Amino acid sequence: MKIKVDPSNPFNLEVTLCCGQAFRWEKKGEWWYGVASDRVFKSRQTSGILEIENVDSDFAKRYFGLNDELDNVYSRICKDRYIKRAVEMFSGLRILRQDPWECLISYICATYKNIAAIKHMLFNVSRRFGDKVRFDGFDFYTFPPVENLARASLNDLLQCGLGYRTKYVQETARTVAESHVDFDHLRKMDYKEAKRELMSLPGVGPKAADCILLFSLEKLQSFPVDVWIRRAILRHYAAHFSREFIARLREKESLAGSDYEKLSMFGRTYFGEFAGYAQEYLFHYERTGG
DNA sequence: TAGTTGCCTTCGAG
DNA sequence: ACTCGAAGGCAAC
């Protein structure tokens, strides 16, 4: 299937897949191969044409966030020169709509890890506990179904390189397996309620919850704060906070819970209903050296 | 080459 | 309530 991408509603496949929101896409030749839910599909983009194969167009459009009106998003979040620069540089970066289950486990694994290491862990988990799918002559692995991780032994999980996250993954998988987590319900709940619910799961703090809400549960106002966003705020948005607070932030290695909430709340109120979009542009801009 | 630093943080103890 | 340190291991420098 081919989709026309015109400049008034841009899409940039490469940036969207490389900016660190999803961890299981790989480029082979000129095609990007991905596994979302239990489908393997591939995509490539040349100038104004986006090609997608092996999946229906409704799913692909939703997954790639193509239903978001980016001109509207940009006009809402472009509040200052710095975010404008980030938006211009990475125009067409979109928030993916990932599978909530995979997203949940991914961000439990993501704590205190860099992106390369996260990819490595999730690849191990998928290879060991997922199903093998052959496509275009390559082997892919679906993300493990809930039951597979709920049944997994601590030792098997440990061998995937999860470290201290092992028990969080197992406990969370068991909680989901006992159907104590309803993702469709979370999607309908408001931001604060859904966040509280997610944070009741072991291994899910405020940062992980914000990522899961943004990347898989349609909460586009969610504003995850990691070390890069904290850096961006210190450099470019310090004037929005008190002198003492900024001084404290510069000294501290890690964020206290209340400090996290203060920064995240700033993002949500300053950038508005699409704060999550602003966050991804700032994150990518800061990480790639601006 | 080998060592160090840092990583899209969370949890639990004090 | 709030601070502080520990927790795999990979990868970039």
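Note that the structure is predicted; figures quoted are calculated from it, not measured. Convention: sequence-line order gives letters A, B, ...; per-chain numbering from 1.
Using modelled atom types, no side-chain atom of A:Ser91 and backbone atom of A:Glu88 make a donor-acceptor pair closer than 3.5 Å. Although no hydrogens or angles enter the test, the distance criterion places no donor-acceptor pair under 3.5 Å between the side chain of A:Arg127 and the main chain of A:Val125.
For A:Phe241 and A:Phe245, the distance between ring centers is under 6.0 angstrom. Taking the centre of each ring, A:Phe41 and A:Tyr33 stay at or above the 6.0 Å mark. In summary, the aromatic rings of A:Phe274 and A:Tyr74 are positioned with their centroids too far apart to meet the 6.0 Å limit.
Across the P atoms, C:dC13 and B:dC8 are found 12 Å apart, a figure rounded to whole Å. Rounded to whole Å, the separation between the P atoms of C:dG8 and B:dA13 comes to 16 Å. Taking atom P in both C:dC10 and B:dC11, one finds a spacing of 23 Å when rounded to whole Å.
Nucleotide C:dC4 holds its P atom 10 Å from the CD atom of A:Glu251, rounded to whole Å. The separation between A:Arg248 atom CZ and C:dT3 atom C1' is 11 Å, rounded to whole Å.
The partner of C:dT3, taking Watson-Crick or G-U wobble pairs whose two distances both stay under 3.5 Å, is B:dA13.
Within the structure, the salt bridge (charged side-chain N to carboxylate O under 4.0 Å, His left out) test picks out the following pairs touching residues 43-58 of chain A (sequence neighbours left out): A:Glu30-A:Arg44, A:Arg39-A:Asp56, A:Lys42-A:Glu53, A:Arg44-A:Glu51.
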How does each nucleotide of nucleotides 6-14 of chain B score, in 5' to 3' order, for protein heavy atoms under 4.0 Å: base (B), sugar-phosphate only (S), or none (-)? BBBBSS---
